[in-house]
Amino acid sequence: MNYWLFKTEPEECSIDDFAKTPDKAIVWEGVRNYQARNFLRDQVQSGDLVFIYHSSCKDIGIAGVAKVVQNSYPDPSQFNSLSPYFDAKSSGTKAAWVAVDLQFVEKFPQLLSLDKLKESTKLEQLALVKKGNRLSVMPVSPAEWQTILIMAKNQGTT
DNA sequence: GCCAACGTTGGC
DNA sequence: GCCAACGTTGGC
């Protein structure tokens with residue numbers, strides 16, 4: 001059982017999309033970075049918990065939690081020539097990229113902003129807050145997970 | 001295998 | 001929309 005943080009652009013797939021269909025799995029596809037792919041393929045497992053992080057938007061930060069409900073499998077979008085994620089180098093026998101399935105767990109009462117995350121001395125090791133970081137799938141330690149959860153709940157009640 | 005050129009990410 | 005930081009590509 002591991003903890004993760006996944007980045008997404010909310011215009012494409014936000015925490016609200018999860019909240020709208022809490023009983024349905026959502027395909028997490030389109031990861032096209034080798035380091036992130038390796039995490040997805042080799043370490044992300046059914047049962048793991050994931051922070052959903054909204055990037056490249058007005059309100060940047062962690063919006064909520066999802067859980068992994070399906071281990072990695074070949075990302076269908078790489079074979080779809082109509083998809084923006086199409087990869088001509090991939091075929092049925094040679095799949096470069098993988099996807100996992102996620103399901104809604106909770107939406108934070110209030111988004112935990114990137115500024116808040118940067119302020120915490122306990123999160124200095126989190127790849128997300130390091131300068132120039134571009135990883136879209138990154139591990140979160142159990143201590144960091146607890147820290148972030150507590151920060152999210154506390155600001156929700158104040 | 002080096003590295004310059006180019007493309008992408010993502011905060012501001 | 002800008003641009004710094006990083007990843008990828010491709011010529012040599």
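This one's a predicted model, so the numbers in the text were calculated from it and none came from an experiment. Below, each value reflects all heavy atoms present in this structure, side chains not excepted, and no hydrogens, waters or symmetry copies. Here is how names work: the chains are called A, B, and so on, in the same order as the sequence lines, proteins then strands, and each is numbered from 1.
A salt bridge is defined here as a Lys NZ or Arg NE, NH1 or NH2 lying under 4.0 Å from an Asp or Glu carboxylate O, and A:Glu11 with A:Lys58 fails to meet this definition. Under a 4.0 Å N-O distance rule, the pair A:Arg32/A:Asp75 qualifies as a salt bridge.
Ring geometry for A:Trp28 against A:Phe18 counts as parallel: the plane angle stays under 30°, on a 0 to 90° scale with 60° as the upper cut.
Note on A:Lys131: every side-chain N or O is 4.0 Å or more away from OP1 and OP2 of C:dA4.
Taking OG of A:Ser120 as the reference point, atom CG of A:Asp115 lies at 13.0 Å (rounded to 0.5 Å).
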Base versus backbone protein contacts along nucleotides 6-11 of chain B [heavy-atom cut-off under 4.0 Å; B, S, -] | -BBSBS

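Without hydrogens or angle criteria, A:Ser113 side chain to A:Lys116 main chain gives a donor-acceptor distance under 3.5 Å.
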